[in-house]
Amino acid sequence: MNSSSEGGAVVSSTRNSAAPARDVESSGPEVRPHPIRRSTIDMLPPDDAPPIPLAQLDANMQTQEKIRSMVSVYPSSNNAPTVDGEGDADDGETAAVTDDGSTRVVHHGNQLIRSPLNTPSSHILIHSSPSADGQGSVRRGSGDLEVLDAMVQDGGEVIVAQPVGFFERKSKPFALWLCFLSSLLVVWLVLSLTGVINIRREEVPEEEVVLETSEPSLSPSFDPRSTLEIVQERGHVRCGLWNETINSGEGSHLDLCRSVAAVLVGNPDNFEGVPVTFASRWQHLLDRTVDLVILGDTYTIEREVKESSTGAGFSFSSVYNYDGMVYIGKQTFVHCAEEQKRYDECSSIMTCVENSTTHYDFLNTAFPSRYFKIGSSLEEITEMLFNGTCNVLAHEKSFMQNVALLNVGIREGTFILGNKMKTKEPHAIITRNNDREFSDIINWVVQALFFGEEQGITKDMKSCQTYSNLFMYDVSDLHFINAVYCVGNYGDIVDGDPNNRGMNRINDGTGMLYAIPFGNLDKDTIVGPASGSTLAKIRNEGSFNCGVVVPDGFEGNVTESDKIVGMGVEYCRALAAALLDGDSNDVTFLTFGSKLSSYIALANGEIDVLVGDRVLRKFDFERSPSLAGFHFSTPYYYGDESASNDVSLYSMATREDDVLFASFVNCIVLATIYAQDNRIQRDESSQLPLVSVFGPELDWALRDAIIYSGSYDEIYSRNFGTNSAETFRGRNTLNEGGPLMHSLPHLP
């Protein structure tokens, strides 16, 4: 027997073989037994229940007759509600019994009849209808049951209830429908807020429609004017800085911000320091709450093309500080970290590192994650080192040298500072990449600081020019040398012994080849170049045009040239190989004897890239509506001029309005220097990183370039001879830790 208890009632839906079949009789008209929908509640008493007294049985018999007559007074209906009151009954089902704990309810036709019970122990017995053979049976397909008897214990009486109203009868269905509709409404609201349900375009006002794009979203309050115009109208510059820098009111980062203010608005004190962190600085730039960020951020090609946390690309100034990650901590474990050893005496090594940094990225490749702990700031990981959470700390050398607590630990012999620089960390000022003019202005401010030290120009407030009219909006009217006169030159700002500044000294003619770190250029989710971009155009056409500036009196075929012209041609062929699946021949060379005509050809799209000319400030900015500004790659050749003179720098020039193509071209130059730095030859090109960030069809671009050109040394030797020893190559050799600072020509 299947039985369960609910509301003190027990209803049986199985046959009780011990109960004899009984005929249903009535003194009135013949009454057909009322089949009742099968319930999930059993009401049969257990077999071992005590016998019922005879007097009680007589009372029960009288009560039974009353219930029979009560149930039978209503005509049959094919729309009787089910036993739980939820919906219509099947054909032939005309009555049902439920229990709410205090009454027994008979559902019959369109009426509900309630029978109050005097005690909670009272119950109705409902037995299966007898079959033809006299044995009780249950037709489970239809679920029909017959009312055989009803027993009310403890002197219960039966009272015929008044008919129940329509809404009371239908209360459960109404409640269920209301819950269902409420759920639908909640789901619709959630989906609408998350953008899953799209509002039709015609229902949105024209100015609020946002079209889908692969580019990151700008602030809703986007001002279409140039950043220079906005800053000058505002009257001050907004610099993203460390909160500690803002509170202290001093430091090289603050002086860099003041230098920018001196050039842009004519007053070094007209700036606003906005507190930002490594975790927030990218979004601050995108939201335009700051104009630039100066935190000591590492310039990588990944961040220039597609920074990982935002998916946006950013512009970087010339490097103002060359740094690298070193270890500090217990002597044994510093050596373990430098050798990437984690067994024997190194088994308990634990390194602390700051999150969202290039140091964290490096440790992820150098050690399993269980061997390092992550903190949110340099202060936090310094505290973790002192409280024993870790025994080694990883950070940039210049940062750690400015932490007093670490310096105390070094002086007391508790810690040592490692001497192996494990990463390259070139620091630059960051700006948005959708306003290249403003980015160029910031770059030339840094160049002015270098120029000041080269020329021995120092701070001179008498020469610090204030602007009588801030609404100039013309780059040609800016006084870049104001950065030096109002704040000081580069040496004044870094404030250190020039002999102890390492790479951060003015170059005197030694090696300047330095490959900016690539970062991670092999991204999982890639959107190919836009259809109107130079990359897409060259891929579709299967070739591109390279302009070559030749010296006066040049005769012959540029493709057979050597020296500087020949190097430019080789870099164009390496670019062709990178763009066109290794084919270095699908490039057309156009020669120019005039610098101006070559830049006009680049501006109007006659050529895609220009080589053979020096970097000039006048071509970096827009000169007229038909001659916009240009972008210059990392130099592929440095002149041998003295430090106090303009040094000739030869780069690959591209149009400034296509930042993705400019970054791609820059990568080709950097790839040859990277190959030289890592001793990668042509047949070892697979050691170059994949660069799917430019599109899945260009992921082998750097490898294809090196298969054609080889390393920088190979290119240089083919054009200047194999006997050109490094000692005679001047600046065109790898930097081995020597000075790297030098201004671009034509300042002020």
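Given the structure is predicted, the values throughout are model-derived calculations rather than measurements.
- Counting only N and O atoms by type, the side chains of S648 and E641 include a donor and acceptor under 3.5 Å apart.
- No salt bridge links D658 with K537; every basic N to acidic carboxylate O contact stays at or beyond 4.0 Å.
- Of all heavy-atom pairs spanning H742 and N507, the tightest one is CD2-O, 3.8 Å.
- The shortest non-hydrogen separation linking M652 to L575 is CE-CD2, 4.1 Å.
- Aromatic ring centres of F372 and F367 lie farther apart than the 6.0 Å criterion allows.
- In this structure, Y637 has its ring center under 6.0 Å from that of F720.
- Taking the six-membered ring where the residue is Trp, the centroids of Y514 and Y322 are separated by under 6.0 Å.
- Less than 6.0 angstrom separates the ring centroid of F399 from the ring centroid of H427.
- Cation-pi geometry between R729 and Y716 is met: under 6.0 angstrom from the ring centre, within 45 degrees of the axis.
- For the 3.5 Å distance criterion, the side chains of S709 and E570 fail to qualify, holding no donor opposite an acceptor.
- Not a single donor-acceptor pair under 3.5 Å links the side chain of S685 to the backbone N or O of Q681.
- In this model, no donor atom of one side chain and acceptor atom of the other lie less than 3.5 Å apart for E354 and H359.
- A side-chain donor from one of E307 and S309 sits under 3.5 Å from a side-chain acceptor of the other.
- Q687 and N678 share no side-chain donor-acceptor pair at under 3.5 Å.
- When all heavy atoms are compared, the tightest approach of P635 to L649 is CG-CB, 4.2 Å.
- Of the N and O atoms on the side chains of N557 and T559, at least one donor lies less than 3.5 Å from an acceptor on the other residue.
- For the 3.5 Å distance criterion, the side chains of E425 and T423 qualify, holding a donor opposite an acceptor.
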